[in-house]
Every structure is written in C-alpha cells, then in structure tokens.
Amino acid sequence: MVQAYILIQTEVGKAAAVAREISGIPGVTQAEDVTGPYDVIVRAEARNVDELGKLVVAQIQAVSGITRTLTCPIVHI
C-alpha cells in the first residue's frame, strides 16, 4: 500500500468545494481545506505508485477549480 499527501492549489474561493468533491473519490482517506500556500491537503492511498498516479491525474486533477497539485508520497524510514 502506497500513501501520499497531495497538496492542492485552487481558484480563489473554491477550496471548500474542491475538498468536498475530492473527499468522495475512492482512495482518498481525508481532504481538508487549509490556509497557506496550498488551499487543500488530501491524504490518499493506493495499491502501488502507478495506481496512485492514476488517482491523482485521472480523478483528483479532473476536479473543477484545481490549478495545481503536488504529490508527496509517505516514506517510512
């Protein structure tokens, strides 16, 4: 299982709506609108890195109002 945080920038005023929509996507375990350089932070999980990439590109980035994403895989050192 691969887990990651996905940092999302949105159009002005769209953070809450984006977080709500993303929270319903399978594989997303948490989606919160936040303040700072990013507007939404998502925690997601997938079976492998390829599945994680598909989740981000095909589903999360398709949500209206998103302008940029940054995916940060979780590592256990």
Side-chain angles (χ1 to χ4, degrees):
M1 184 71 60
V2 175
Q3 298 176 324
Y5 287 101
I6 303 155
L7 311 177
I8 299 172
Q9 292 177 337
T10 69
E11 296 171 4
V12 174
K14 301 280 184 153
V18 166
R20 266 193 311 275
E21 188 170 344
I22 289 174
S23 67
I25 296 173
V28 171
T29 59
Q30 191 170 12
E32 301 284 345
D33 45 317
V34 297
T35 61
Y38 294 94
D39 303 305
V40 177
I41 297 179
V42 171
R43 185 166 176 148
E45 61 185 20
R47 289 185 297 153
N48 54 51
V49 174
D50 289 336
E51 298 266 329
L52 179 64
K54 290 175 188 174
L55 172 65
V56 173
V57 173
Q59 295 182 52
I60 292 175
Q61 288 181 351
V63 172
S64 178
I66 293 177
T67 58
R68 179 173 290 165
T69 65
L70 174 66
T71 302
C72 304
I74 296 171
V75 296
H76 301 282
I77 299 173

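In this chain, residues are counted from 1 in sequence order. As a basis for the values below, the full set of heavy atoms in this structure was taken, side chains included, without hydrogen atoms, waters or symmetry mates.
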Can you find a pair of side-chain heavy atoms, one from [X] and one from [Y], that are under 4.5 Å apart?
X     : Y     : result
Ile8  : Tyr38 : no
Val42 : Ile25 : no
Val40 : Ile66 : no

Start with the C-alpha distance between Leu55 and Ile60, add both sets of side-chain angles, then the distance that settles side-chain contact (heavy atoms from CB on, under 4.5 Å), and finish with yes or no. CA-CA 6 Å; Leu55 172 65; Ile60 292 175; 4.1 Å; yes

Does Gln9 reach the main-chain N or O of Pro37 with its side chain, forming a donor-acceptor pair under 3.5 Å? yes

Nearest 0.5 Å please: distance from the [atom1] atom of [X] over to the [atom2] atom of [Y].
X    : Y     : atom1 : atom2 : value
Met1 : Leu52 : CE    : CG    : 11.0 Å
Leu7 : Arg68 : CG    : CZ    : 12.0 Å
Gln3 : His76 : CD    : NE2   : 5.5 Å

Nearest heavy-atom pair of [X] and [Y]: which atoms, and what distance?
X     : Y     : value
Ala19 : Ala31 : O-CB, 3.6 Å
Pro73 : Ala4  : CA-CB, 3.7 Å
Ala15 : Thr10 : N-OG1, 3.6 Å

Give a yes or no on whether Ile74 and Leu70 share a hydrophobic cluster (residues Ile, Leu, Val, Met, Phe, Trp, Tyr; joining criterion: side-chain heavy atoms under 4.5 Å apart). yes

Between the side chains of Gln61 and Thr69, does any donor sit under 3.5 Å from an acceptor? yes

Arg43 CZ: over 12 foreign heavy atoms closer than 6.0 Å: yes

